[in-house]
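Reading through the structure tokens given below for one structure.
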Amino acid sequence: MEKIPNIQLMKIVADTTVDGPGWRTSVYCAGCRHACPGCHNPETWSFTAGHSVSIDEIMEELKFAEGDITFSGGDPMYQPEGFADLARAIRKRTEKTIWCYTGFTFEVLINNPRQRALLELIDVLVDGPFIKAERDETLCFRGSRNQRLIDVPASLQAGHVVSYQYQYEKVS
Ligand code: SF4
């Protein structure tokens, strides 16, 4: 039987409102090679930062999570098999939506079979590296203007990027 890979995890943060709409639980992984100047989380760049955690252990923690789920890091797209397994477990056991932050662009991910397999399990992708010159603090859920909020199912169906239409709703 094929071994399910662990995820190299930095931390799980519950009740956050910055990584997508509503109250969410964010799964922050270790490992990123994009090395964006001005990155807020350089401590996550190392692939040996954090600790190795099984999907079952993460699901054990997520079962108490309120709201939806966000994958972030680091960059989850450097661990596509582990995060795809986690996304499948979330899909199987919950109704939660999944957002994913990545420094790769949608166009790169759809052409990489390993990363595409994870992409196909995501509801909204926030794509592209953080570019300091395009930093804009007025944007929702992203740091720089080049980054896009992408409706993944609609984009895969259309064959091109379809923006996720975010409508502000007061979180009670
Ligand atoms: S992709 Fe994200 S985590 Fe990676 S260097 Fe860029 S801003 Fe930092």
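Worth knowing before you read on, the calculation uses all heavy atoms, side chains too, and leaves out hydrogens, waters and symmetry mates. Whatever order the structure lists them in is the order used to number ligands and atoms, beginning at 1.
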Nearest to atom 3 (S) of ligand 1 by heavy atom, Pro37, Cys29, Gly74, Gly31: which? Gly74

Considering only protein heavy atoms, which is closest to atom 4 (Fe) of ligand 1, and at what distance to one decimal place? Cys32 SG, 2.3 Å

Going by the atom numbers of ligand 1, which of them fall below 4.0 Å from some non-hydrogen atom of Cys39? 3 (S), 5 (S), 7 (S), 8 (Fe)

So does Glu66 have more than 12 non-hydrogen atoms from other groups sitting under 6.0 Å from CD? no

Does the residue Tyr101 have a heavy-atom contact with ligand 1, meaning some pair of atoms that are separated by less than 4.0 Å? no

Is atom 8 (Fe) of ligand 1 less than 4.0 angstrom from at least one protein heavy atom? yes

Counting backbone and side chain alike, does Cys36 bring an N/O/S atom below 2.8 Å of atom 4 (Fe) of ligand 1? no

Indicate whether any N or O donor in one side chain lies under 3.5 Å from an N or O acceptor in the other, for Thr102 and Asp75. yes

Indicate yes or no for a side-chain donor-acceptor contact from Asp127 to the backbone of Thr105 under 3.5 Å, with no hydrogens or angles considered. no

Do Asp56 and Ser54 have a side chain donor and acceptor closer than 3.5 Å? no

Is it true that Thr48 and Ser46 share a donor-acceptor pair across their side chains at a distance under 3.5 Å? yes

Does NZ or CZ of Arg142 lie under 6.0 Å from the centre of the six-membered ring of Phe130, at an angle within 45° of the ring axis? no

Can you list the ligand 1 atoms lying under 4.0 Å from a non-hydrogen atom of Trp45? 5 (S), 8 (Fe)

Below 4.0 angstrom from a heavy atom of Phe130, which ligand 1 atoms are there? Numbered from 1 as shown, please. 7 (S)

Can you list the steps and then say if Arg148 with Val161 is a side-chain contact (heavy atoms from CB on, under 4.5 Å)? CA-CA 9 Å; Arg148 302 171 291 184; Val161 167; 3.6 Å; yes

Within the structure, is a non-hydrogen atom of Ala35 found at a distance of less than 4.0 Å from ligand 1? yes

